[in-house]
Protein chains: 2
Amino acid sequence: MQIFCVNKSVRLGMPRLQETDVTVKERVRIGGRSARIQQAVHDAVRKLDAFSTRNQITVPQIAAEAGVTPSTIYRRWGDLSALLADVAVERLRPIADPDDTGSIEGDLRAFIEQYAEEMSSPVGLALMRDVLATTGQGQPGACAGFTCDHLTTINERAKARGEQPFDIDEVIDHVVAPIVYRTLFSDEMPTAAYCRQLVDRIYPKT
Amino acid sequence: MQIFCVNKSVRLGMPRLQETDVTVKERVRIGGRSARIQQAVHDAVRKLDAFSTRNQITVPQIAAEAGVTPSTIYRRWGDLSALLADVAVERLRPIADPDDTGSIEGDLRAFIEQYAEEMSSPVGLALMRDVLATTGQGQPGACAGFTCDHLTTINERAKARGEQPFDIDEVIDHVVAPIVYRTLFSDEMPTAAYCRQLVDRIYPKT
DNA sequence: CCCTTAATGCAAATATTTTGCGTTAACAAA
DNA sequence: TTTGTTAACGCAAAATATTTGCATTAAGGG
């Protein structure tokens with residue numbers, strides 16, 4: 001079962017009218033046209049992303065594919081990297097909870113293996129880079145939040161089973177962080193054996 | 001003592017004629033003019049970097065500051081992000097060995113504290129982002145190599161003292177990686193206390 | 001239904017990147 | 001030292017991309 005939509009191909013459909021922050025509902029239009037255009041532009045980016053390599057995608061191309069004017073994209077997103085980061089965050093947003101294997105250790109091991117696989121894939125790596133390339137906002141923070149949410153879910157499920165939860169920060173520091181570091185800074189993907197070894201620090205082999 | 005030139009202001013001077021790979025000395029001109037232009041362009045980037053924010057630096061600006069034609073920059077580096085990454089790697093290249101505190105644990109603790117401080121600073125963070133933004137070559141790998149070199153230096157010094165060296169991979173996975181992960185994905189800098197806590201895993205407090 | 005105004009489209013203005021071609025200068029060989 | 005070869009550069013025109021002003025559309029509120 002796939003956790004993120006990292007490998008998903010182009011997904012068409014109507015926009016989901018999600019409000020980022022309910023308390024700040026002021027001057028932001030989330031109605032039909034605006035959402036429709038955002039969806040069209042996002043879809044266009046994903047479509048072009050599948051066919052051409054990252055640094056030969058241009059704003060005018062995206063605009064043409066989405067059926068909008070380039071100036072609309074520039075005004076809404078500022079520049080290409082901001083748009084790519086925005087799309088990347090959406091694609092990294094979880095679409096499902098981690099698999100339930102019946103035990104917290106099993107859940108964590110399964111999640112980490114899949115996480116490493118998705119993040120170190122060409123697509124996952126490109127998405128992480130897109131997210132990190134932006135100077136602005138908290139897009140990287142949002143992505144870290146997704147991981148944190150998943151670990152929390154696993155922990156909650158464990159508590160419901162009566163199992164002892166793990167320390168989320170410890171998993172992030174000593175399992176997730178090494179995987180991400182090696183993915184970003186080395187040219188070889190972390191192996192499944194390597195990931196298992198990292199989790200062994202949380203759940204030592206008996 | 002400063003390890004990297006992360007915080008260094010513009011450094012003028014003649015180019016150092018370094019050959020990246022001795023075995024491949026074929027059709028690459030490393031002589032006077034070429035090196036002089038590279039140096040001028042690098043200096044221009046650093047100078048502009050100090051005065052304007054990252055995403056308002058342009059190639060024509062850099063070219064004007066360096067006294068070269070924009071086309072030269074495009075032909076040599078391809079695009080702005082590749083140039084920024086190139087400059088960033090140079091600025092992240094070590095200019096000194098880690099401090100010698102007299103013991104391996106002291107050396108490691110001092111190095112990590114300084115590493116965290118430099119990498120999580122606004123300048124260090126921007127440089128890391130520049131390096132990660134490029135799709136091409138192994139610039140991220142080079143930066144990871146710098147860290148690895150420093151740790152190796154500390155280890156060699158320890159061996160000369162008769163001390164037991166640490167496992168470099170373990171330090172990278174469980175000390176360096178968490179610091180980098182939090183720097184990149186969260187908006188708060190890792191504290192000195194947090195770094196100490198990480199090193200405690202390598203050298204437990206008695 | 002009407003009013004206000006954020007968001008868009010269009011097109012002109014501006015800035016950038018790319019490209020062809022002549023020139024300069026690095027390197028090798030005589 | 002001189003000469004030949006050619007990578008790297010400068011220049012300027014062409015092609016693209018980005019910004020901006022203004023008219024128009026449509027969301028959300030009264």
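Throughout, a chain's letter reflects where its sequence line sits, starting with A, and its residues are numbered from 1.
Panel note: side chain B:His174, backbone A:Asp173; no donor-acceptor pair is recorded below 3.5 Å.
When only modelled atom types and interatomic distance are considered, B:Ser120 and B:Arg182 share no side-chain donor-acceptor pair under 3.5 Å. With no hydrogens or angles considered, no side-chain donor-acceptor pair links A:Tyr194 and B:Asp169 at under 3.5 Å.
Nucleotides of DNA chain D nearest to A:Pro60 and B:Ile37 differ in position, and the one nearer the 5' end is that of B:Ile37.
For the pair A:Asp79 CG and D:dT19 P, the computed distance is 8 Å after rounding to whole Å. Rounded to whole angstrom, the span from the CG atom of B:Leu80 across to the P atom of C:dT17 amounts to 7 Å. Residue B:Arg36 contributes atom CZ, which lies 11 Å from atom C1' of C:dA26 at whole-angstrom precision. Atom C1' of nucleotide D:dA8 and atom CD of B:Gln39 are separated by 18 Å, given to the nearest angstrom. Between the CD1 atom of B:Ile62 and the P atom of C:dA15 there is a distance of 17 Å, rounded to whole Å.
For DNA chain C, the neighbouring residues in residues 65-78 of chain B, judged by any heavy atom under 4.0 Å, are B:Ser71, B:Tyr74, B:Arg75, B:Gly78.
Not a single side-chain hydrogen bond (donor to acceptor under 3.5 Å, both in side chains) links B:Asn155 to another residue, sequence neighbours left out.
Legend: salt bridge (charged side-chain N to carboxylate O under 4.0 Å, His left out) pairs involving residues 142-159 of chain A, not counting sequence neighbours, sorted by first then second residue: A:Asp100-A:Arg157, A:Asp107-A:Arg157, A:Glu156-A:Lys159.
Salt-bridge formation is detected for the pair A:Arg91/A:Asp49: a Lys NZ or Arg NE/NH1/NH2 atom is positioned less than 4.0 Å from an Asp or Glu carboxylate oxygen.
Counting only heavy atoms from C-beta on, A:Arg33 has its side chain closest to D:dA27 among D:dC9, C:dA26, D:dA27.
Taking only side-chain nitrogens and oxygens, B:Thr58 comes nearer than 4.0 Å to OP1 or OP2 of C:dT16.
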